[in-house]
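Input: a single structure, listed below in structure tokens.
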Amino acid sequence: MKRSSKLRGLMLLITGLVSTVLLSGCDGKFVVFDPQGPVAETQYRLIILSAILCAIVVIPVLAITVFIVIRYRDKPGNTAPYKPHWDDSKVLEVLWWGIPVIIIGILGAYTARDTYGLAKKPPVTDVKPIKIQVTSLDWKWLFQYPDQNIATVNYVHIPAGVQVDFELTSDAPMNSFWIPQLGGQEYTMPGMAMSLWLQADRPGEYYGTGANFSGKDFAHMRFNVVAESQEDFNKWVQTVKGSNNELTKAGYETLSKPGQSEEQTFSSYPSDLFDSVVIKNGGHHMDMDMDMDTEKDSDKADSNSDSDNTSKSDNNSTHDMQGMDEMSDTDMSNTNSSEMNHNHQ
Amino acid sequence: MYASIKSFASSFFVTGDPLIYGADVSIGLTSIAILFVLFYFKKWGWLWREWLTTVDHKKIGMMYLIASLLMLFRGGVDALLMRAQLAMPNVHFLQAEHYNEVFTTHGTIMILFMAMPMMFGLFNMVVPLQIGARDVAYPYLNAVSFWLFFFGAMLFNISFVIGGSPDAGWLSYPPLSEMSGSPGVGQNFYIWGIQISGIGSLATGINFIVTILKMRAPGMKLMKMPMFTWSVFSSSIIIIFAFPILTVTLALLFIDRFLGGHLFTMDGGGNPMMYVNLIWMWGHPEVYIVVLPAFGIFSEIVATFSRKRIFGYKSMVFALMSISILSFFTWVHHFFTMGAGADVNVFFAIATMAIGIPTGAKVFNWLFTMFRGRIRLEQPMLWTLAFIPCFVVGGATGVMLAVAPADYQYHNSYFLIAHFHQVLIGGVVFGYLAGIYYWWPKLFGFKLNDRLGKWAFWLWNIGFYVCFMPQYALGFMGMTRRVYTYGWDMGWGPLNLVSTIGAFLMGIGFVFQVWQILYSVKYGERDTTGDPWDGRTLEWSIPSPPPMYNFAVVPHAGERDSFWEEKERRNFAPAPPVPVAQLESIHMPKNSGVPFVFSACWFVAGFGFVFGWLWMAILGMVGVGVTLLIRSFQYDTDYYVPVEEVRETEVAAGRAV
């Protein structure tokens, strides 16, 4: 009797804790479960699919465990069969090696499909993608709009319903660029320009954060993403352009010094800033024109587009690199850009 | 003069934090207390003869165990400091720098200085006994391994009060870990602490492969070995392939820091991605190094406490060996988001999921070992039963993480933190604790108290779920790892508070275990039979604790669970004593102080490298060379235990007439 009352107390405790967790969870927002764009949507569906497939195995296993432990307890008068020499069954072995193989097979197929799917940018429609160059600094985010020639710090405006081509680099230790409601993260690395495309389907404000530890004030590397209609976005750009607050080279030097920053807005910036940061850190810039080429023949095999880009980027980088004397660096740019060209997922 | 001493001391010692001053005082007091006891009771000779110079695998195992429990305490305190800091939004209990040091040392210590030595402790305490051997293949090398680990761990731990702790994360990605990102000496402590103990780990891997291949009792074919021995074998194979990668990687990082190399920076032609790849080529197999022996422990315990043969022995062995191979083909899943490209990510995603297949098969085999058995809920079995659901759920979230595109959302979030703590605590820690409870009476001659053990068990288990289930949710709420604080805006506060409560429950569980050990030393149920659990394998056929030479007569082991089969054949009657005439003198290795001195020289050299004091580094390395030479010219390294002594011991134990 004592045992059962203990057990009941325990169950009560567990139920209490579980409900606390569930209830308190409601305060916060499950951003990963709230996809607001096609990339996050695909990833969300994969998360749900993998959770279901895992549950198909996990739940029966947990049930079997409970059943076996209760039924085969060593207690007087237990009439359950006891077969101490039974230690092999071909049928059972085939079953429990086979079922996981099938489940992993299904999950693996979906994983491969979506990995390749997300690696390709969607076909170009009449809505032209917008380019934004992102630099992670100690400990703040710099966003540059090469087509609009404006820049922001720690917040970014994007037009809703338009594909955003982010180009990522770092002028500080490696970080990771993550906007959960729009899609998964990708590393920002010094000396490399990585590409990541995301899209917000609806206007709204989304949470963005650095996700890879980069030193002292890493915890404060948050940024706000404002998705708005194309009209509002254009208006915002005009306001920024009119604000007459230039980001100069010297201003960038100050900005990149370790420390936190408020949100900042710049009406213009030196047009080669992003490239020079990438090159300064030993790498090479992958020109965005090249990405356009990739899109056109995105259906071709990877190797084809690679070689296209490689030759192109070679031209670009030699151009970019005037004044640098090491040939080996040029060689490296080939390997790097072909690697990076797979962009993501 | 005074000013220069003062400025040296203020950079040499860690200053400015009341927590550290408190630790300084307690370290000082503890050291004085230990020295006092040793002087007062005149125990120096005893300490040197019985422990510091021993090559006995059982004593080395015990020292590993004690050291790992101390490290569990240190790593645990780190964990509680972190959870206290994160309990509420905007807490100012720890500064950012301090928090960064704490999570770095927590991770490094828990994996390299807690899990690894606890595992090696179990290897040492169990494997020779289980295969009917009198020691490991290279007892001297075994002592070298232990002392290298010990001094490596000490070097890492003193960074806490001298020079400053590393703070670039437990795997120290460049460029953050380069001089540009971490100019202090903390990162050097990280490199040299791990380097020195890593050599020891590699040597242990070699030692146990040879021991298992060459030292088995007659009749014990490979496919008759106990499952724990199989798991040690597979884990050791991973060690000898993975640890050299770690050594090389850290050596390259040291070249970058010490000689101004650019191996891992883009400027100058290096590449940080190379480091990330290399470190995970060791880091992922490392996870399987520590979890496979836990699987072996569960296999032994499940069979013993179900009074039934292990189910699907061959399939279990196949699963172990296939995991040890597959573990080398999954490392990229730690950085899918580095953008290696779709082909690479798909390959590593599927290879990672594939590991779930043999692991799942093992779970079913454990379940069907219990099926149609008779389950006794002793302490080792309780931990095993807690392991199964915990590990199954942890494994499932692992498969979810392996889905590369989805990983872009989980990566670096608390979902990931929850996952790996669930498999490392639910799998490795529960496994090793089960193993310690199981083999404790064999090594120490008494059982650990049941009542206190159950308190510890429930606190650990409830604490675990309370701590880590909320963290899965926090991951979905966008909380990233390694943030030292967070605001009110994201609603992360309540779940973090719950998680902190869980962490402290586990901490109380650990206190109960310490109490349990101390209590049981005095009051624990003594084991006079040598077979307290009705065991199945050879280690239970000898007295507890075993005599120095383990087996007076080398046993014959012609079948699986040969001790159990023999018990069945004689209808569980006590084993007949051996006639004294059959006993012979026994060949054993001699103790040696060289491993201790050799490793201490490594410590000196490491300390010199940490601070860039070349004179000290050279002095230490000369010491290393001299001790190696001394050993090379030692020819008198073994002896025979006289037959009279063997007879006396065995008659006194009632095992010979």
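Each chain gets a letter, A, B and so on, in the order its sequence line appears, and its residues count up from 1.
When the candidates A:F218, A:Y110, A:W86, A:W96 are compared by the number of heavy-atom contacts under 4.5 Å with chain B, A:W96 comes out ahead. Ranked by non-hydrogen atom pairs under 4.5 Å with chain B, the options A:T65, A:L49, A:D138, A:L62 are led by A:T65. Your options are A:N78, A:V66, A:T209, and the one with the most heavy-atom pairs under 4.5 Å with chain B is A:N78. The most heavy-atom pairs under 4.5 Å with chain B, out of A:T42, A:I64, A:L46, A:I99, come from A:L46. Contact count against chain A (heavy-atom pairs under 4.5 Å) is highest for B:H411 among B:M370, B:H262, B:H411.
A distance below 6.0 Å separates the ring centres of B:F476 and A:F33. Residues A:W97 and B:F318 bring their aromatic ring centres within 6.0 Å. Aromatic ring centres of B:F335 and A:Y187: separated by at least 6.0 Å.
Of the inter-residue distances, the one linking A:Q185 atom CD with B:T480 atom OG1 reads 9.0 Å to the nearest 0.5 angstrom. Between the CG atom in B:N345 and the OG1 atom in A:T115 there is a gap of 6.5 Å [rounded to 0.5 Å]. With rounding to the nearest 0.5 Å, the separation of CD in B:Q409 from CD1 in A:I47 is 5.5 Å.
Under the 30°/60° scheme for interplanar angles, the aromatic rings of A:Y207 and B:W492 are found to stand perpendicular.
The contact between B:I357 and chain A is made by backbone and side chain atoms together, counting heavy-atom distances below 4.5 Å. In this structure, the portions of B:L367 lying under 4.5 Å from any heavy atom of chain A include both its backbone and its side chain. For B:V344, no part lies under 4.5 angstrom from a heavy atom of chain A. Only the side chain of B:D489 comes within less than 4.5 Å of a heavy atom in chain A; its backbone stays farther off.
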| field | Full working for side chain to side chain donor-acceptor pair (under 3.5 Å) between B:D267 and A:N281 | value | CA-CA 5 Å; B:D267 52 329; A:N281 287 306; over 6 Å; no
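Atom NZ of A:K75 is surrounded by more than 12 heavy atoms from other residues, nucleotides or ligands within 6.0 Å.
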